[in-house]
Asker: 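The structure that follows is given in the form of structure tokens.
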Number of protein chains: 2
Amino acid sequence: MPATHALVEKLSCLFDLAPEESAALHALPSRLVRLAGDEEIHRAGDCPTSCFVVLDGLVCSSKWIEDGKRQIMSFYVAGDLPDIRTLHLGVIDCDVTAVGPCQLAVIEHGDLQALCDAHPRIASALWRCTLVVGSVYREWIVNIGHRSALVRLAHLMCELMTRLEAVGHARDRICNLPLTQIHLSQATGLSAVHVNRSLQELRKRGLITFGGGRLTIPDWDGLTRLAYFRPDYLYLPQARRRAA
Amino acid sequence: MPATHALVEKLSCLFDLAPEESAALHALPSRLVRLAGDEEIHRAGDCPTSCFVVLDGLVCSSKWIEDGKRQIMSFYVAGDLPDIRTLHLGVIDCDVTAVGPCQLAVIEHGDLQALCDAHPRIASALWRCTLVVGSVYREWIVNIGHRSALVRLAHLMCELMTRLEAVGHARDRICNLPLTQIHLSQATGLSAVHVNRSLQELRKRGLITFGGGRLTIPDWDGLTRLAYFRPDYLYLPQARRRAA
DNA sequence: CGACAAATTGAGCCGGATCAAACTGAGTGG
DNA sequence: CCACTCAGTTTGATCCGGCTCAATTTGTCG
């Protein structure tokens, strides 16, 4: 039951799990899947019959644009449920892809639905998770719509670092981040060339180190100030109880 | 109970309402509110204790950017529940504003929560509504991130027309749309000047008529082709039963 | 060593921003 | 009925951030 721990971890930050809720989560059947980088999990138009929890690694959702380009709409880190919306929407309207090597816990729709039916508070918490993802989409619209290349990249770095820290996958402003500059360009709507130059500028200012699948932010205050980063939109639980 | 009809209408497109579900919706207390244009409904940072259904008019959510500009993240039409996420997220991270004159049906969180608790299928349907809104966010990210000004505006026009038609507020590709060019610029991340010139181009090509709070699309095929508009992402129900 | 993806650099160009001014139309008040 | 105001629209001119194209370099892996 590999999904158990990740879900218990995530949900116990949102509310106090009752014993029977906890037991139901532990009883949830799931299947461990390991993926190498750049493997497709869903393709736009698919009708998945299962959902998955990211246990480790990075996942993104993206769409191919008419002109052959690609827009990444969001990243998902450990504990996230990138495709939980398929439980209610059926067909998925975008690709879901493993960015680097990943571990996933796959749960059948039927099992997840049964869990939600039997435990309304768990259903509510999962609903809430999808709402937070929506909030992140809104911030991306702001970021892409109105901010300059430099600020846009800085903001993305701040977001990813914050989210990874929240799930214990970053410490001291250092994290593994298996993104290429191509990925960054697809996520920010910039050209790869311009991403390259903007990253150099961020490095020159001593704000970040990025490369080889690793991001460090030596000057967190400077970067957040540049990026106008306010983490409110991530609705991070105040770690009610960091241990299960 | 002004909210009743709008909600029954919306939900009955998603699944067959059982008699008791229908009764519960009819019993849902709500309060009618009329707003003139440009009235603020929520401000970022608020913690609303009620939600509302748009009965008539246009509502948008937006954020003020650090440099004094504004990004509109989404529009809501009749039948939509722009702030239903506050039921689970508490604090709201963006402004919610009436664009033109509006009629809203306000429902207290407590009443809505009780409805969801008692009728899980209604809760699921409302969850689904929030997922569709998320899907629209994703498409906006694509639109703003990768498309040219002309295409971007065309796509927005297609989306709004489609959504208004789906709720019977547009016919023959004609609808009321109380948007200024300023609003359009804030929604697309373009300057107002450039919106003006792009609209002229769309008009010159015979694709749209827009002005005085009214949009008409004389050449729907042409506009959708230009905009690469594929309505899948709106997850419109296939009007299972257009009458209650 | 070769092969290939990713990162980097340079040069030139263009879409859309900015700034500034004029125009339009719907009130509104004298 | 006209003068005034004010929001929204339109036009013109100029500028620049970021794109494109193309070539080179680096790093990694077989």
Side-chain angles (χ1 to χ4, degrees), chain A residues 36-39 58 65-72 97-101 143-156 176-204 208-215 226, chain B residues 36-39 58 65-72 97-101 143-156 176-204 208-215 226:
Chain A
D38 281 322
E39 277 193 70
L58 193 65
I65 317 300
E66 35 278 358
D67 58 0
K69 292 181 186 164
R70 184 197 197 204
Q71 174 73 47
I72 292 176
T97 314
V99 175
N143 205 33
I144 295 176
H146 273 288
R147 301 209 254 247
S148 71
L150 200 69
V151 177
R152 221 183 280 187
L153 278 168
H155 196 279
L156 178 57
N176 290 320
L177 197 63
L179 292 173
T180 66
Q181 296 182 4
I182 312 278
H183 287 125
L184 290 177
S185 75
Q186 292 168 340
T188 53
L190 298 165
S191 71
V193 171
H194 204 60
V195 164
N196 181 281
R197 291 196 237 258
S198 301
L199 284 178
Q200 288 180 45
E201 176 68 22
L202 289 174
R203 281 192 277 251
K204 202 178 68 182
I208 67 163
T209 304
F210 177 72
R214 175 167 287 258
L215 168 68
L226 171 67
Chain B
D38 281 322
E39 277 193 70
L58 193 64
I65 317 300
E66 34 280 358
D67 58 1
K69 293 181 185 163
R70 184 195 197 206
Q71 175 73 47
I72 292 177
T97 313
V99 174
N143 205 32
I144 295 177
H146 274 287
R147 300 209 255 246
S148 70
L150 199 69
V151 176
R152 220 181 283 187
L153 277 169
H155 195 279
L156 178 57
N176 290 321
L177 197 62
L179 292 174
T180 65
Q181 297 182 2
I182 312 278
H183 287 124
L184 290 177
S185 75
Q186 293 169 339
T188 54
L190 298 164
S191 70
V193 170
H194 204 59
V195 164
N196 181 279
R197 292 195 237 258
S198 301
L199 285 177
Q200 288 179 47
E201 177 67 22
L202 289 174
R203 281 192 276 250
K204 202 178 70 184
I208 67 162
T209 304
F210 176 73
R214 175 167 285 258
L215 168 69
L226 171 67

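In what follows, every chain begins at residue 1, and chains take the letters A, B, ... in the order their sequences are listed. The figures here come from the full heavy-atom set of this structure, side chains too, leaving out hydrogens, waters and symmetry mates.
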Asker: D/dG8 C1' sits how many Å from B/Arg214 CZ, rounded?
Answerer: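 Rounding to the nearest Å, CZ of B/Arg214 and C1' of D/dG8 are 19 Å apart.
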
Asker: So which nucleotide from C/dA6, D/dT10, D/dG8 ends up closest to the side chain of B/Asn196?
Answerer: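 When the side chain of B/Asn196 is considered, D/dT10 is the closest of C/dA6, D/dT10, D/dG8.
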
Asker: Could you point out which residue of B/Leu202, B/Leu153, B/Leu179 forms a side chain to side chain contact (heavy atoms under 4.5 Å, CB included) with B/Phe210?
Answerer: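 Between B/Phe210 and the candidates, side chain to side chain contact (heavy atoms under 4.5 Å, CB included) is satisfied uniquely by B/Leu179.
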
Asker: May I have the distance from B/Arg147 (atom CZ) to C/dG16 (atom P), rounded to whole angstrom?
Answerer: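 About 13 Å, once rounded to whole Å.
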
Asker: Nearest whole angstrom, please: distance from the C1' of D/dG18 to the CG of A/Leu150.
Answerer: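 These atoms are roughly 13 Å apart.
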
Asker: Measure from the side chain of B/Ser191, starting at C-beta and using heavy atoms only, and say which of C/dA17, D/dT20, D/dT11 lies closest.
Answerer: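 Looking only at side-chain atoms, B/Ser191 lies closest to C/dA17.
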
Asker: With nearest nucleotides of DNA chain C determined for A/Ala192 and B/His194 from heavy-atom distances, which residue corresponds to the more 5′ nucleotide?
Answerer: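 Looking at the nearest nucleotide for each, A/Ala192 comes out on the 5' side.
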
Asker: Taking the minimum atom-to-atom distance to the side chain of B/Val193, which one of D/dG12, C/dG16, C/dT9 wins?
Answerer: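 Nearest to the side chain of B/Val193 among the choices is D/dG12.
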
Asker: Tell me the bend of the helix from C/dC1-D/dG30 to C/dG30-D/dC1 as the angle between end helix axes, each from five pairs, rounded to the nearest 10 degrees.
Answerer: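 The value is 30°.
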
Asker: May I have the distance from A/Gln200 (atom CD) to C/dG10 (atom C1'), rounded to whole angstrom?
Answerer: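 Interatomic distance, CD of A/Gln200 to C1' of C/dG10: 12 Å.
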
Asker: Tell me if the side-chain of A/Arg197 makes a donor-acceptor pair with the base of C/dG10, cut-off 3.5 Å, by modelled atom types.
Answerer: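 Checked by distance alone, the answer is yes.
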
Asker: Nearest of C/dG16, D/dT11, D/dT20 to any side-chain atom of A/Lys69?
Answerer: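 So the side chain of A/Lys69 is nearest to D/dT20.
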
Asker: What I want to check is whether an N or O donor and acceptor connect the side chain of B/Arg152 with the base of C/dG16 at under 3.5 Å.
Answerer: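 Result: no qualifying N/O pair found.
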
Asker: Could you tell me how far apart B/Leu199 (CG) and D/dT9 (P) are, to the nearest whole angstrom?
Answerer: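 It is 9 Å, rounded to the nearest whole Å.
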
Asker: Using whole Å, what does the distance between atom P of nucleotide D/dT10 and atom CD of B/Gln181 come to?
Answerer: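 Taking CD of B/Gln181 and P of D/dT10, I get 5 Å after rounding.
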
